[in-house]
Amino acid sequence: MSGLLAGKRLLITGVITDASIAFSAAKVAQENGATVVLTGFGRLSLVERIAKRLPEPAPVIELDVTNQEHLDGLADKVREHVDGLDGVLHSIGFAPQSCLGGGFLDAPWDDVATALHISTFSYKSLAMAALPLMGRGGSVVGLTFDATKAWPVYDWMGVAKAGLESANRYLALHLGKQGIRSNLVSAGPLRTMAAKSIPGFSQFEEAWAERSPLGWDLSDPEPTARAICALLSDFFPATTGEVVHVDGGYHALGA
Ligand SMILES: NC(=O)c1ccc[n+]([C@@H]2O[C@H](COP(=O)([O-])OP(=O)(O)OC[C@H]3O[C@@H](n4cnc5c(N)ncnc54)[C@H](O)[C@@H]3O)[C@@H](O)[C@H]2O)c1
């Protein structure tokens, strides 16, 4: 098959609905020649049903990124479907309700710890779990929401994303010698299940619609998916520790 990702074997996490950024990434990847293996969290039969809507049905492996047994067993389970990996997408985020929607000053540590475990630390955990399959060279990609600024209602998720952006640079530092790149896509607001769980998310929607120089479609994850696929491809061979904004240009403006 021809295409930007021809011959590439990709592990894609984070599909839960067909609005998931990961679903769109898997679709664009397959359309561009990649072989895709998915992981799903919790509701496996739902993820399997969604996976059937891809151009090519993709196998689904169970992965809770906070479960060490799942992480330890991941490489063997992936090997049942492909003989190695060229790229991995981390499209995972979660914070308990107390951490979002204006609760910054009151959220208890246990809840913040959960947010950081799932949304920040797991970027490294996933990369390490996939490492035995990547040989010499590969691309790890994750998703952030511009963490250089404090946003209303994003609260501890913003702190988790700031940590993720730093972890991205440290992963680039520690895996560079093995030819493995680590990069993030900083997406504008998209109407996914994760976004719906943030009380007050509509504030972002209005701001983006009003101010993005290129305009912004909240229900179209494809521009984000394309950037993910570009970073997973051979077309960014000397780029690592980077954050690529796919936000209609919103980040570039002051007022
Ligand atoms: N939607 C947006 O506006 C937006 C903007 C920028 C960045 N992001 C980021 O994009 C990524 C994907 O989110 P999305 O918007 O596609 O929403 P989504 O709800 O479709 O995906 C989030 C995924 O995280 C998974 N997940 C949660 N806990 C997990 C765990 N313990 N182990 C494994 N997986 C777990 C869920 O199963 C789900 O598939 C997240 O990192 C999110 O923060 C989203």
Side-chain angles (χ1 to χ4, degrees), residues 11-27 38-51 60-71 74 88-96 99-100 113-123 125-126 129 140-149 151 153-165 167-168 184-198 200-205 207-209 212 216-225 227-228 243-248 250-251:
L11 185 67
I12 295 189
T13 68
V15 172
I16 189 70
T17 70
D18 57 10
S20 294
I21 295 169
F23 180 84
S24 192
K27 179 170 174 283
L38 299 176
T39 72
F41 166 61
R43 295 142 76 187
L44 263 267
S45 57
L46 172 62
V47 181
E48 277 160 1
R49 199 150 19 105
I50 302 289
V60 182
I61 295 168
E62 184 176 21
L63 177 66
D64 171 351
V65 284
T66 65
N67 182 321
Q68 196 57 45
E69 273 174 38
H70 287 186
L71 290 164
L74 184 68
V88 179
L89 176 65
H90 179 283
S91 190
I92 293 168
F94 175 78
C99 295
L100 297 159
T114 300
L116 295 176
H117 194 178
I118 298 175
S119 313
T120 308
F121 184 73
S122 75
Y123 188 60
S125 313
L126 176 67
V140 183
V141 176
L143 283 144
T144 188
F145 186 71
D146 189 359
T148 60
K149 296 167 186 72
W151 301 101
V153 307
Y154 208 47
D155 291 312
W156 285 102
M157 197 64 196
V159 178
K161 289 302 192 193
L164 177 69
E165 292 179 10
N168 174 52
L184 301 180
V185 172
S186 183
L190 291 163
R191 284 192 186 123
T192 62
M193 210 160 97
K196 280 181 197 145
S197 73
I198 304 174
F201 188 78
S202 59
Q203 292 179 50
F204 297 138
E205 302 191 345
W208 249 262
S212 302
W216 182 251
D217 184 348
L218 297 145
S219 47
D220 184 11
E222 189 164 322
T224 304
I228 291 166
V243 179
V244 178
H245 292 83
V246 181
D247 64 350
Y250 188 95
H251 75 282

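Indexing begins at 1, ligand by ligand and atom by atom, following the structure's order. Values reported hereafter were calculated over all heavy atoms of this structure, with side chains retained and with hydrogens, waters and symmetry mates removed. Quantities reported herein were computed from a predicted structural model and do not represent experimental measurements.
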Please verify the inter-ring angle class for H245 with H251; under 30° counts as parallel, over 60° as perpendicular, anything in between as tilted. parallel

What is the ring orientation for W151 with F204, classed by angle as parallel under 30°, tilted 30 to 60°, or perpendicular over 60°? perpendicular

Counting heavy atoms only, which part of [X] comes closer than 4.0 Å to ligand 1: side chain, backbone, both or neither?
| X | value |
| --- | --- |
| I92 | both |
| V15 | backbone |
| T13 | neither |

Flag the pair [X] / [Y] as yes when at least one side-chain heavy-atom distance between them is below 4.5 Å, and no otherwise.
| X | Y | value |
| --- | --- | --- |
| L11 | L74 | yes |
| P189 | W216 | yes |
| D247 | D146 | no |
| V15 | V60 | no |
| T224 | L143 | yes |
| S125 | V65 | no |
| L184 | V244 | no |
| L126 | T39 | no |

Contact between ligand 1 and [X] is defined here as a heavy atom of the residue under 4.0 Å from a ligand atom; is it met?
| X | result |
| --- | --- |
| T17 | no |
| G188 | yes |
| F201 | yes |

Is the side chain of [X] donor-acceptor paired with the backbone N or O of [Y] at a distance under 3.5 Å, no angle test?
| X | Y | value |
| --- | --- | --- |
| S119 | F94 | yes |
| S197 | A194 | yes |
| T13 | S91 | yes |
| T17 | A19 | yes |
| E165 | A147 | yes |

Report yes if some N/O of [X] lies less than 3.5 Å from some N/O of ligand 1; otherwise report no.
| X | value |
| --- | --- |
| K161 | yes |
| T144 | no |
| P189 | no |
| L190 | yes |
| V65 | yes |
| T66 | no |
| A195 | no |

Closest protein heavy atom to [atom], given as residue, atom name and distance to 0.1 Å:
| atom | result |
| --- | --- |
| atom 22 (C) of ligand 1 | S91 O, 3.8 Å |
| atom 33 (C) of ligand 1 | L63 O, 3.3 Å |
| atom 21 (O) of ligand 1 | G14 O, 3.6 Å |
| atom 19 (O) of ligand 1 | A194 N, 2.9 Å |
| atom 14 (P) of ligand 1 | T192 OG1, 3.4 Å |
| atom 31 (N) of ligand 1 | D64 OD1, 3.0 Å |
| atom 20 (O) of ligand 1 | S20 OG, 2.6 Å |

Which of the numbered atoms in ligand 1 are below 4.0 angstrom from a heavy atom of [X]?
| X | result |
| --- | --- |
| G93 | 24 (O), 27 (C), 40 (C), 41 (O) |
| A187 | 5 (C), 6 (C) |
| M193 | 19 (O) |

Considering L143, I16, I21, which one's heavy-atom position lies nearest to atom 4 (C) of ligand 1? I21

Going by heavy-atom distance to atom 28 (N) of ligand 1, choose the closest among F41, F23, Y123, F145. F41

